[in-house]
Amino acid sequence: MAAPSFLLLFPLGLLSAVRSASLMDPGSMTSSDPSVQAPHLTGCKSREQETFRCWWSPGSFQNLTEPGALQIQYWKKNDLTKEWKECPDYSSSVKNECFFNKNNTVIWIKYCVRLHSESQNKTYDTLCFELQDIVHPDPPVALNWTLLNISRSGLNYDIMASWEPPPSADVSVGWLTLVYEVQYRRRNSSHWKVLEHEFGTQQSIYGLQTGEAYEVRVHCAMRAFNNFGEFSDVIFVHVPEIPNKESTFPVTLVLIFGAVGVAILLMLIIFSQQQRLMVILLPPVPAPKIKGIDPALLKKGKLDELNFILSGAGMGALHSYPPDLYQDVPWVEFIELDADEPEPGEKDNQSSDSQRLLGHNNHHTNHGCFHGLSIPEDDSGRASSYDPELPDQETLMLMAALLSCQPNKVEPCLGNCSHSSTPSLDVLEVPCPGLQAPDLPPEGGERHLVQTQLGGPQSWVNMDFYAQVSDVTPTGGVVLSPGQQVGAPENTPTTEKYKKGKMEGGEEESEEEEDRRTNKLKFQLLVVAPEAGGYTTESSSRQMSTPDPSSPGEVYHTFPPPSAESKPHQEAYLPATTLLGDYQSPYILPDSPPAQFLPPVSDYTVVQDVDFQHSLLLNPPSPQRSPNCSPQPPSKPLPVMPIGYLTPDLLGNLSP
Amino acid sequence: MNMMQVMQSVVWAVLLWPCLVSLGVPLECKDEQGSIILCASISKEKLLDRVIQHAELIYRVSEESCTLFEEMFVPFPMRSQRNQAGYTCATKAFPIPGSKSEIQQISDKWLLHSVLILVQSWIEPLVYLQTTLDRYDDAPDTLLKKTKWVSEKLLSLEQGVVVLIRKMLDDDMLTNSYYEQGVAPYALQPEVLESVLRDYTLLSCFKKDAHKMETFLKLLKCRQTDKYSCFLH
């Protein structure tokens, strides 16, 4: 929009060459040769808005240097004739200056001044202006300063600089309204500090330092015009220092001593409390420990020995933990039920193991869901997650524990679990499907450890191994109910049974479970598989996120106990009804358990097999499993031991 | 410098606000004949001071507006007024003396009347300028506010000058506008088709006239205080 206007106006300009008064380079009419400079007007200025002067430069044209070769001509807007008039007064004192006196000066009327050569009839330069725009006032006079105050420290002081307006400027009449600008700097510095000008003819300067020499100057301009005139003379400001060094001396001394004292104190504290500090800063890491077993065995590579020991063959270490110990239900302590589980009645001293289980649900301290380990573990770092307390309780028991666990802490023991044909001690950790957010507190009944003990003799078959999970609390705790007699196997009806109980919001829970199926839920199933010669624990874990809807769900299979034992019948079932939406049945009675199996409680199901997806099959599709699945096949007669356990290694062989 | 000016203008605007009330009151008082209602009156000197403050503020704000407009819309080669031999402000119906000596010889009456005429001549063009500025796409808010403020203050200034005339000259005149003019008097320049340059010219001319008003009023004030010295200079 502006460009076309420019083109429009340019030919309309009255003068051929137009340039600003103080901007563009002169010599616009010359060639590009820098050495040759055409005559040009250098500027026009007024000091007091009553007269003004114009200066020009002849340039490098030799033939124009003589006086009179160039003329200044001007005209005013209000002239009656549009003629260019000659400069009224060429200054005699200053070269190349044209002076317009009062009579020739008007304000608010446009002037145009041009540099003209009469002989050549050529105009070299033109300048148009109005008087008020070219006013550069004279510098103020009588600049002086007075001391305002000195700071208490004697280092800084303030002064008040005052001056008077230039005498040429008619300020009193009001013809000019001036604003002033004060600048000051240190004597040696090259940078002037500019102060915002206040009204009036004085200005205070703060924060000067004693002992330093300062220079102060001031200049003025017409208000709102920003054409500052020349600077006034510089005045020097200096205030000598007041010798007051004693005050500073003690301060620094005190500071130094204080710092040294504090440092010494700190060192003393550190050295005296070294031990405690070390404990606080670097807490010791608990080492794996199983009572009766040399910790060295737990290290890598000592699998066989450990297996041997734990299997009970070498009864030395475990001898102190006879199965009778089960009577005392030390293992029950590993089972931690959700604190919300109100099963106080269950905690009575019933002979039922499940009761004991329930009764000890709060004793255990949770160390978080740790990965169930089979003793012969050599291929994962699960040893580190061993609960130090666990080794104290070595019992054979397989309990279905699924309790809420921190899923993210659980490592699925998928195929990595080494297993041996002999029962091994397993610490099984049943992660719970993450009913809650992963920020579940690690302790407090959210984790349940189930420790199983293998190889137990049949002495503990008399015990009620199984506790029926009657319900699952919203927090994922398992509510156990007293063990029941083995009844007819049922599938679906039993599912409902387990929905009863203190399941607050069980229904919602199931929905929640469904929602959380995709969550990273891990849980391990404790699967008891009959094994010849004893229990083998079989643990399988499966992530909740990966289960197929088509899979039979997190089914817990429980192997029926061996024939003789009716009780030891482990059920491991998740409150899958609540966990999984499509959980078919939390438990399925084994279809093909051998007849010698005492039918377990109708609510319990024996895990028959584990398929490739690590899902527990209650009804295994085919007996041919991995050949290593020796303890597994349902067709295989169950051993005397009520429950066959698959050691993790066995399980590992099962899975492809 | 601009910040200071803006702040001062704000301060003065706040200070001058009661002035508007006081300006209006004497008018009412005089109109009421035989009433015993006491009107708040203001002395001539104070009124003149306030009118001068008004004029100074208006001039300052007009200068800022002109600069703003110049920076935003006017291309650089045409920036300075000094380059423009072409543009001209509309001449007034009466000649205004140019030199200081001439101005100093002007009578009080003439000064006041010329100020009044100037003020009245700019009321409408400023309103017109506001409408044109609104049409600009990227006109800064400050510019619009300033022009709006100026046109408002111009009205107050007119009132004040009228009262001054009445008081100082005992000239009871009607508050009619001496200067009747149509909208956009500065569209007289037929060459300037672009609205940008027209508005720029408008602002520049207004700035100049504001300077005139301020100067006249100050000269007037000088005479009030010290006639002798003022005339001598």
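Proteins get letters first, then strands, A, B, ... in listed order; numbering begins at 1 in each.
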Dump the intermediate steps for salt bridge (Lys or Arg N to Asp or Glu O under 4.0 Å) on E56(B) and R223(A), then the final yes or no. CA-CA 10 Å; E56(B) 280 180 339; R223(A) 188 174 58 202; 3.1 Å; yes
Starting from the C-alpha separation in whole Å, work towards a yes-or-no answer on side chain to side chain contact (heavy atoms under 4.5 Å, CB included) for T177(A) and K218(B). CA-CA 10 Å; T177(A) 312; K218(B) 283 191 173 162; 2.3 Å; yes
Passes ring-ring contact (aromatic ring centres under 6.0 Å, His included), W175(A) versus F216(B)? Steps please. CA-CA 9 Å; W175(A) 186 243; F216(B) 289 168; 8.7 Å; no
Side chain to side chain contact (heavy atoms under 4.5 Å, CB included) assessment of M222(A) paired with H211(B): CA-CA 11 Å; M222(A) 284 231 318; H211(B) 187 238; 4.1 Å; yes
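Checking S101(B) against K102(A) by side-chain atom types alone, no donor-acceptor pair falls below 3.5 Å.
Within 6.0 Å of CG on N101(A) lie more than 12 heavy atoms contributed by other residues, nucleotides or ligands. Shown here is E230(A), whose CD atom has no more than 12 heavy atoms of other residues, nucleotides or ligands within 6.0 Å. Other residues, nucleotides and ligands contribute only 12 or fewer heavy atoms inside 6.0 Å of the NZ atom of K193(A). Heavy atoms of other residues, nucleotides or ligands lying less than 6.0 angstrom from NZ of K76(A) number more than 12.
For E181(A), no part sits under 4.5 Å from any heavy atom of chain B, backbone or side chain. Residue E102(B): no heavy atom, backbone or side chain, is found under 4.5 Å from chain A.
Between atom CD1 of residue I107(A) and atom NZ of residue K212(B) there is a gap of 9.0 Å, rounded to the nearest 0.5 Å. Atom NZ of K207(B) sits about 6.0 Å away from atom CG of D133(A), to the nearest 0.5 Å. Between K208(B) atom NZ and W108(A) atom CH2 the span is 10.0 Å, to the nearest 0.5 Å.
Among L217(B), L220(B), T215(B), I52(B), the residue making the largest number of heavy-atom pairs under 4.5 Å with chain A is T215(B).
Between C222(B) and S172(A), the closest heavy-atom pair is SG-O, 4.0 Å.
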